[in-house]
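Along the sequence shown, residues carry numbers from 1.
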Amino acid sequence: MRMFENCKERLNPIVLTAGLIAGVLSAPVQSKELNIYSHRQAFLLNPLLEGFKKQTGTKINIVFASKGLIQRLIAEGPRSPADIILTVDIARLQQYANKGLFTSVSSPTLKANIPAHLRNPNGLWYGLSKRVRVVAVSKDRVGKDEIKRLEDLADPRWKGKICTRKGSHVYNRALLASLVAAHGEATAEKWARGMVANLARKPQGNDRAQAKAISQGICDIAIMNHYYYFQMKKNKNPAQHKWAESIRIVFTNQGDRGNHVNISGIGLAKHSKNKKLAITLMEYLSSKQAQSLYAEVNYEYPANAAVDASREVKILGEFRADQLPIATIAKLAPTAQRIIDRVGW
Ligand SMILES: [Fe+2]
């Protein structure tokens with residue numbers, strides 16, 4: 001785990017000492033320093049934190065770790081220096097909420113900026129960006145409109161044609177939870193069984209590995225988060241350009257409930273010592289200014305409905321997103337996981 005990865009500089013002992021002295025002489029002093037525990041890498045966050053740092057003079061430290069932040073927060077308890085937790089996927093956000101690591105935020109600004117279906121009803125977490133779980137199909141081997149709905153992936157005509165990562169990955173679990181919400185557990189299980197029966201190979205690799213498999217002719221259809229298309233296109237490794245070029249992105253369920261979306265999001269740490277300032281940062285991250293930057297660096301869709309997708313992402317065209325409350329997906333995730341175990345996805 002990487003320790004405090006400061007945005008620009010390491011913690012300055014002189015600043016810290018001065019802060020401590022000031023605190024002793026005239027407590028309470030509003031600390032102008034915030035600590036973010038993040039599952040997202042600092043380079044993705046730094047560009048959008050710049051504006052806040054300039055406006056408020058706040059120093060922001062980012063602790064990045066792809067895993068283990070929940071355990072760390074629990075171990076730190078009330079002494080935790082964390083102010084804000086930033087993560088991807090609704091199931092992870094809900095884990096923090098379930099373990100009591102978030103505290104509720106009631107902010108008219110956040111409520112105005114983030115649509116109700118993209119935030120926790122009790123203000124425990126707020127979505128910052130939307131990630132659309134699309135179907136990627138071979139440009140050459142799957143015709144336009146041959147796949148229109150996620151449900152189509154269980155059709156026996158696609159036997160031996162589908163590649164996915166493991167079902168138990170949070171992205172797939174959330175996707176299946178959206179099917180449970182739409183059709184009920186039994187029908188969702190039938191779908192999962194049919195889809196697994198159509199797999200070209202054992203579930204493996206990440207989302208990008210599925211596009212690679214399409215480019216190699218291993219399969220014709222895959223499930224993928226939309227931003228990987230752009231990450232592959234812009235990748236330093238030219239091989240990934242080919243993977244992107246071999247696929248076409250299909251937004252599913254455009255004639256009914258809309259394409260399933262997941263979120264990246266944010267919550268206020270229960271033991272934050274700077275709650276007021278931390279909420280100001282949360283509000284800033286939901287603002288037009290930060291939202292357009294955030295969407296630009298990640299190729300994601302802004303959660304704030306008043307902000308457009310980046311020019312790059314717009315090439316995918318308009319689409320209809322499932323309006324199912326993200327909180328419902330979190331609630332149904334355990335049901336989805338049981339289905340995944342039963343069907344061996
Ligand atoms: Fe991802």
Side-chain angles (χ1 to χ4, degrees), residues 2-65 69 72-73 76 78-87 96 101-114 119 123 125-129 264-298 302-304 306-307:
R2 252 189 274 170
M3 292 300 286
F4 282 92
E5 183 180 295
N6 198 274
C7 294
K8 272 268 154 69
E9 62 274 286
R10 301 238 149 230
L11 291 174
N12 180 340
I14 297 169
V15 174
L16 278 180
T17 315
L20 286 174
I21 292 167
V24 171
L25 293 178
S26 57
V29 167
Q30 175 64 58
S31 160
K32 282 284 191 183
E33 189 163 330
L34 287 174
N35 298 316
I36 300 180
Y37 279 22
S38 174
H39 291 258
R40 302 209 92 155
Q41 296 185 48
F43 79 89
L44 290 170
L45 305 177
N46 285 339
L48 58 147
L49 295 174
E50 279 310 315
F52 184 80
K53 289 197 281 185
K54 265 189 210 134
Q55 279 172 27
T56 62
T58 305
K59 189 171 180 183
I60 300 176
N61 309 301
I62 299 173
V63 179
F64 162 73
L69 284 178
R72 179 169 170 164
L73 271 173
E76 287 171 347
R79 291 170 296 114
S80 175
D83 296 300
I84 278 175
I85 292 117
L86 205 151
T87 184
Y96 283 95
L101 298 169
F102 284 155
T103 192
S104 174
V105 174
S106 174
S107 150
T109 305
L110 279 166
K111 277 187 187 152
N113 287 345
I114 307 299
R119 52 179 152 89
W125 47 258
Y126 290 84
L128 285 182
S129 66
S264 81
I266 199 163
L268 178 60
K270 184 177 177 191
H271 299 296
S272 165
K273 316 295 181 289
N274 308 294
K275 289 198 170 78
K276 216 172 131 190
L277 186 62
I279 291 170
T280 314
L281 175 56
M282 289 170 75
E283 291 172 343
Y284 171 79
L285 290 173
S286 74
S287 71
K288 276 189 179 177
Q289 184 189 354
Q291 282 275 297
S292 50
L293 263 174
Y294 192 53
E296 201 138 332
V297 280
N298 301 323
N304 184 329
V307 182

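In this structure, the separation between CD1 on I266 and CZ on R119 is 15.0 Å, given to the nearest 0.5 Å. Put simply, CG on N304 and CD1 on I114 are 5.5 Å apart, with the number rounded to the nearest 0.5 Å. To the nearest 0.5 Å, the span separating OH on Y96 from CG on L101 amounts to 7.5 Å. Between L268 atom CG and F102 atom CZ the span is 9.0 Å, to the nearest 0.5 Å. T87 contributes atom OG1, which lies 12.0 Å from atom CH2 of W125 (distance to the nearest 0.5 angstrom).
Here the side chains of I85 and L69 are not in contact, with every heavy-atom distance at 4.5 Å or above. With a 4.5 Å cut-off on side-chain heavy atoms, S80 and R72 do not count as touching. With a 4.5 Å cut-off on side-chain heavy atoms, L277 and T58 count as touching.
Under the 3.5 Å distance criterion, the side-chain polar atoms of K32 are matched with a main-chain donor or acceptor of T56. D83 places a side-chain N or O within donor-acceptor distance of the main-chain N or O of N35, the cut-off being under 3.5 Å. A distance-only check finds no donor-acceptor pair linking the side chain of Q41 to the backbone of F64 [under 3.5 Å]. In this structure, K270 contributes its side chain and P78 its backbone to no donor-acceptor pair below 3.5 Å.
Contacts of T103 classified as side-chain hydrogen bond (donor to acceptor under 3.5 Å, both in side chains), with partners at least two apart in sequence or in another chain: none. Evaluation of the side-chain hydrogen bond (donor to acceptor under 3.5 Å, both in side chains) rule for N113 yields S286 as partners, not counting sequence neighbours. The side-chain contact (heavy atoms from CB on, under 4.5 Å) test applied to S292 returns V307, not counting sequence neighbours. Shown here are the side-chain contact (heavy atoms from CB on, under 4.5 Å) partners of E283, two or more places apart in sequence or in another chain: S107, T109, L110, I279. For Y126, there are no ring pair (Phe, Tyr, Trp, His ring centres under 6.0 Å) partners at least two apart in sequence or on another chain. Not counting sequence neighbours, the partners of L45 by the side-chain contact (heavy atoms from CB on, under 4.5 Å) test are S38, R40, L49, I62, L86, Y294. Residues satisfying the side-chain contact (heavy atoms from CB on, under 4.5 Å) test with Q289, not counting sequence neighbours, are Q55, Y284, S287.
No side-chain donor from either of N274 and E33 sits under 3.5 Å from a side-chain acceptor of the other.
Of all the heavy atoms in A303 and G127, the pair that sits closest is CB-O, 3.6 Å. Here the shortest heavy-atom pairing between K273 and H271 reads NZ-O, 2.7 Å. Minimum heavy-atom separation, L48 to L285: CD1-CD2, 3.2 Å. Across all their heavy atoms, I60 and F52 have their closest contact at CD1-CD2, 3.9 Å.
With salt bridges taken as basic N to acidic carboxylate O contacts below 4.0 Å, none links E76 and R79.
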